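Worksheet: the structure to be examined is printed underneath.
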Amino acid sequence: MIPAETQANNAHAAAPATQRPSLPQLLEQARETGDIYLAAALYPFAGNAERRALEDLLFASTKQKRQFAGAPYTPAPLLGRLAEITTETKLLARIARHPAVTAETLAYIVDKDQSEAVLAAVAAHQRAPMDLLDTLDWQDSVAVQKGLAGNLNTSTRTLKAIAAEAPLEVLKEIAKNPNADAELLTDLWSRGDEYLRAEVAANEQCTESIRTAAETLDSELVRRMLAANPAASVEQLLRLLNDPAAAVRAAAVRNLLLPAEDLQDYADDPSRQVRRTEAQRTGLADSMLEHLAEDEDHWVRRWVARNSSTPELILRSLAQDEVAEVRRAVVRNPMCPADLVATLARDPDSWVRAGVAFRKDVSEAILLELADEEDPDILTGVGQNSAAPLAILHRIASHRDKDIRRAVILNQQAPREVVQPLLDDPYPLNRAMLVKHPALTSADLSQLADDPEPQVRFMAVQSIIRSSGQDRAADAKTRNH
Amino acid sequence: MKILVAVKQIAALDEDFELREDGKDVDPDYLDYELNEWDDYSYEEALRIMEAGGEGEVEIVPVTVGPDEADDGLRRCLAKGGERGIRIWDDAITGSDPSAIARILVKVIEREQPDMVFAGTLSSDHSFAQTGMAIAAGLGWPHAAVVNHLEYKPGDSSAVVHRELEGGLEEKLSIDLPAVLTIQLGINDPRYASLRGIKQAKSKDIEVLSHGDLGLSDDDVGEKGSLSRVRRMVIPEKGQAEMIEGTAAEQAERVAQIVKELKGAA
Amino acid sequence: MSGILVVSEHRQGELTPSSLEVIAAARQLKAEKEQPLMVAVLANNPDDYASQVNREGVDEIIKISTPEEEFQVDAYEAAINSLINERAPSIVMVPHSVDAWGYAPVVAERGKYGFASDVFGLRYEGDDLVATRAAYAEKIHMELEFPGKETVLLTVRGNVFKPVEGEGSAKVTDFDFSDASPHTQHLEYIEPESGGDVDISQAEFMLSIGRGIDEEENVEQFQELADIMGFTLGCSRPIADNGWLPKFRQVGQSGKTVASCNVYIALGISGSVQHMAGMKHVPNIIAINKDPEASIFSIARYGVVGDLFEVAEELRNHFE
């Protein structure tokens with residue numbers, strides 16, 4: 001973190017040219033208006049003394065403390081400080097569940113409060129490091145055991161210790177954990193019900209002998225999960241392709257270990273579920289795709305139409321399919337040739353035409369034509385399209401439908417003159433999304449920092465500070481050269 | 001021509017809320033206040049009538065019963081249109097049920113003499129669906145509840161409304177005016193206030209009255225003036241989601257079972 | 001003051017099922033404290049309905065002939081108020097129906113009776129009636145009492161009490177009331193539109209997908225799942241904004257409210273305020289999300305924390 005003074009001086013120097021408020025100005029604004037959202041956004045960037053001043057505002061009531069402990073936007077340093085100043089278990093558990101909380105804060109919380117609620121939250125936290133997880137006391141709590149069992153950072157050693165004592169519901173979590181080794185999985189297999197065995201059979205680490213046993217088990221679920229195992233052998237998958245249960249065959253088809261050419265003989269599988277799955281595989285032989293493209297089930301044809309390895313000729317024939325969703329799938333296929341896109345731009349179904357409007361490679365002429373339509377999905381596609389001409393973007397930006405206006409806000413290529421009027425968009429969500437638009441100037445961001453909507457102010461202030469940080473980095477670079 | 005719109009700041013529960021010590025309500029520390037969702041629709045309906053009329057022909061006035069913070073709800077309305085609001089509050093009003101609230105609003109209506117009164121069909125916190133119709137009873141006015149379509153022009157002596165009945169059925173009926181209508185969600189597509197409107201609303205006039213100002217006695221409001229009294233509140237076991245545990249296969253099995261039961265029962 | 005008066009309701013020539021549920025609720029109270037149970041029938045020709053409400057436990061059926069055959073709010077109010085004046089029941093129970101939303105608060109206010117709406121629990125504490133109803137989006141149950149009220153009017157929640165069966169042997173009487181001049185006039189019923197394009201506001205069973213599905217390529221498998229399950233596919237805003245599904249499938253503030261939905265399966269939807277505005281009223285929300293902290297769980301009836309692709313794949317096998 002840059003010391004506050006340096007930061008302030010730099011930002012101050014830049015202010016007159018860009019009209020960007022400096023950090024001290026923003027801090028002043030937060031204190032004067034009592035705006036807790038502004039304060040929360042500034043907190044990570046403030047120096048120690050300033051942080052204390054902001055805390056008076058941020059933690060003024062227990063209600064606000066609770067709010068910040070749970071709000072998804074709360075920055076990590078604020079969570080850390082909140083953990084320091086509270087002793088309330090409910091609040092600490094809330095902080096420990098927060099996705100942004102740091103490993104340090106988690107360790108601090110465990111040190112401070114060993115209640116089950118806190119331990120269970122830490123045990124399940126993705127940011128909790130292995131050494132912290134290894135120290136957690138799980139003996140008396142299924143909730144803590146479950147948290148650890150499902151955590152990708154839990155060590156094999158801890159998983160084994162838990163497995164020795166835990167109930168079945170915890171074992172099922174452990175069986176899914178990639179840190180469960182072959183020895184542990186073998187143990188679980190021997191103790192498991194059908195569901196646990198299914199999880200073991202799907203785990204990459206399970207031994208070949210388990211896989212062999214799973215294959216002959218009279219459980220469709222276990223065989224299906226086995227067929228999805230990314231470490232299964234090709235021979236085994238080929239055998240599973242002949243399984244009596246369609247769901248097992250479909251799972252085998254989905255497994256990428258199985259070479260696409262081996263599916264050739266199964267193009268006429270009686271189960272539509274299997275054929276639908278086949279149609280999703282890349283690398284199928286043209287003859288097989290051709291066959292599937294004529295399937296009576298329109299879902300099969302849809303998947304073929306969307307398949308990036310489907311040859312042009314088949315796409316052309318599917319572009320004339322009677323089912324609109326099949327034609328739509330053709331136009332959403334990245335490999336759809338330009339002339340076919342142009343044809344489908346005049347498809348009678350508006351959802352097909354909308355699929356054209358969302359294509360990045362569509363010509364300006366087509367966009368001009370589509371821009372005259374009234375369908376909201378088509379206009380949304382045109383408004384988001386980086387190839388859309390300026391006049392059209394202006395028109396969409398002033399559309400009476402707030403959801404259609406949002407399209408240009410989501411268009412990262414839209415120039416400032418297009419998005420600038422939307423700073424006053426009455427729909428708060430549109431303004432909230434506009435904050436992230438790259439074309440906004442610091443003056444625009446300053447305006448949004450005064451927005452009536454807390455979320456907008458919060459994000460605008462973050463953007464202002466981040467962009468001033470980038471300027472400083474750029475300045476420093478220039479000076480060094 | 002004047003339309004009065006009764007609105008309300010409703011209380012929404014914070015997660016892991018607790019009850020107050022006397023057990024008769026939620027600890028206010030866990031409540032967040034916001035304008036009742038239905039009020040956006042009833043106010044929008046009034047705005048549309050105002051905008052369809054000539055300049056200055058139709059006045060719309062939002063009215064609420066509530067403490068200082070309830071001004072936020074009135075200003076949310078005024079940011080979209082209307083020049084003034086009315087808020088009634090004093091400590092004696094605490095503990096009023098919808099009937100006592102309606103009695104207060106009746107007095108305001110008698111003073112304001114509007115041609116039409118709108119209220120939300122219900123409010124999402126206590127969901128009594130009572131206030132609007134209780135107002136009609138106090139006034140002795142024609143009334144219709146759960147209105148999802150309104151055909152009316154200023155000056156008309158009657159209006160055509162649709163009531164949204166069970167199972168998607170609607171009843172089309174005509175109603176004599178002046179009338180009290182409770183407005184249902186979906187009757188229109190409520191607008192969002194412009195930033196200019198939000199700024200302007202901050203300086204619009206909100207008249208604050210007490211029950212005494214309206215000629216009501218202490219017995220007319222609060223618990224004494226109510227048709228019911230809260231004995232206690234309890235947190236039901238089923239208030240939280242039932243979490244379905246197990247492997248994905250087990251979870252799906254249970255979901256499928258729930259879905260099949262619910263579909264079968266329908 | 002004694003006795004329970006139930007007001008039955010009918011529409012388009014059919015007694016509403018909730019009328020029989022309310023009689024069941026009344027019988028339950030009668031079992032706690034013996035008192036006469038009266039059922040009022042209001043129609044131009046109440047005879048048919050009168051025989052339909054003659055169920056076990058009903059002591060008297062009161063036929064009231066109204067000027068209109070169908071519900072008219074002023075007539076119902078005038079008739080019920082004068083019936084209460086004459087019979088002085090201690091409890092009046094009516095269905096929590098849209099019709100009752102219109103007349104019940106008016107009847108209560110005019111008579112200054114005790115009143116509670118949407119009641120699903122009733123009991124006596126000594127001599128005092130206690131009514132239970134929900135508040136704060138069903139997260140709280142509130143118990144109400146009615147101090148000093150000799151008559152209490154209650155609207156009773158539907159699908160709680162099992163409709164009363166078994167034939168009764170009630171005596172049938174007629175009741176006249178001085179007619180109120182009607183201020184509303186029925187013009188017609190408008191049936192819900194059916195068929196044609198997908199209208200999610202009319203769908204009873206919905207499966208909705210959100211940001212959690214990650215990529216456009218994944219949309220189709222959920223559409224397929226909805227298809228297999230016989231559910232209507234919906235989505236949250238980011239999916240429609242991305243052009244992955246048409247806007248008419250979008251649920252929420254900038255989309256539609258799923259007004260008729262009974263079962264709503266939310267897959268990978270975290271539950272923004274905007275989305276929940278369109279579906280939080282649905283009685284059976286099943287939320288499936290990998291994040292146990294997702295706000296959608298706060299309004300769900302059933303929650304599944306897990307990988308939505310795995311659960312969806314498994315789910316499909318139960319409907320294939």
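In what follows, chains are A, B, ... by sequence order, proteins preceding strands, each numbered from 1. Here the structure is a predicted model, which is why all the values come from computation and not from measurement.
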How many angstroms lie between atom CD of B:Glu253 and atom OH of A:Tyr195, to the nearest 0.5 angstrom?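 That separation rounds to 3.0 Å.
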
So how far is it from B:Ile198 CD1 to A:Glu453 CD, rounded to the nearest 0.5 Å?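 If we round to the nearest 0.5 Å, B:Ile198:CD1 and A:Glu453:CD are 7.5 Å apart.
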
Do you know the tightest heavy-atom contact between [X] and [Y]?
X        : Y        : result
B:Asp16  : A:Arg66  : OD1-CD, 4.3 Å
B:Tyr192 : A:Pro428 : CD2-CD, 3.5 Å
A:Lys63  : B:Leu31  : NZ-O, 2.6 Å

Any donor-acceptor N or O pair under 3.5 Å, side chains B:Asp29, A:Thr62: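 Short answer, yes.
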
Whether B:Arg191 engages the ring of A:Tyr427 as a cation-pi pair (distance to the six-membered ring centre under 6.0 angstrom, angle to the ring normal within 45°) should be assessed.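 No; the conditions do not both hold, so B:Arg191 does not lie above the ring face of A:Tyr427.
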
Counting only non-hydrogen atoms closer than 4.5 Å, does B:Ala249 touch chain A with its backbone (N, CA, C, O), its side chain (CB onward), both, or neither?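 Backbone plus side chain of B:Ala249, per the 4.5 Å heavy-atom cut-off to chain A.
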
Can you sort out the partners of A:Thr89 under side-chain hydrogen bond (donor to acceptor under 3.5 Å, both in side chains), two or more places apart, ordered by chain and number?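 A:Thr89 satisfies side-chain hydrogen bond (donor to acceptor under 3.5 Å, both in side chains) with A:Asp113 once adjacent residues are dropped.
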
Got B:Leu195 and A:Arg431 here, is their nearest side-chain heavy-atom distance under 4.5 Å?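 Yes - at least one pair of side-chain heavy atoms lies under 4.5 Å apart.
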
Just so I know, are the side chains of B:Glu250 and A:Glu169 near enough to count as touching, which here means a heavy-atom distance under 4.5 Å?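 No, every pair of side-chain atoms sits at 4.5 Å or beyond.
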
Using non-hydrogen atoms only, which part of A:Leu168 is less than 4.5 Å away from chain B: side chain, backbone, both, or neither?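 Contact with chain B involves no heavy atom of A:Leu168 at all.
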
Under a 4.5 Å heavy-atom cut-off, does chain B meet the side chain of A:Arg224, its backbone, both or neither?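 Neither part, no heavy atoms under 4.5 Å.
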
Are there more than 12 heavy atoms of other residues, nucleotides or ligands under 6.0 Å from atom [atom1] of [X]?
X        : atom1 : result
B:Arg196 : CZ    : no
A:Glu374 : CD    : no
B:Asp22  : CG    : yes

Lys/Arg N to Asp/Glu carboxylate O, B:Asp14 vs A:Arg94, below 4.0 Å: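 Salt bridge: yes.
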
Is the closest basic N to carboxylate O distance between A:Lys146 and B:Glu245 below 4.0 Å?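 Judged by the 4.0 Å cut-off on N to carboxylate O distance, A:Lys146 and B:Glu245 do form a salt bridge.
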
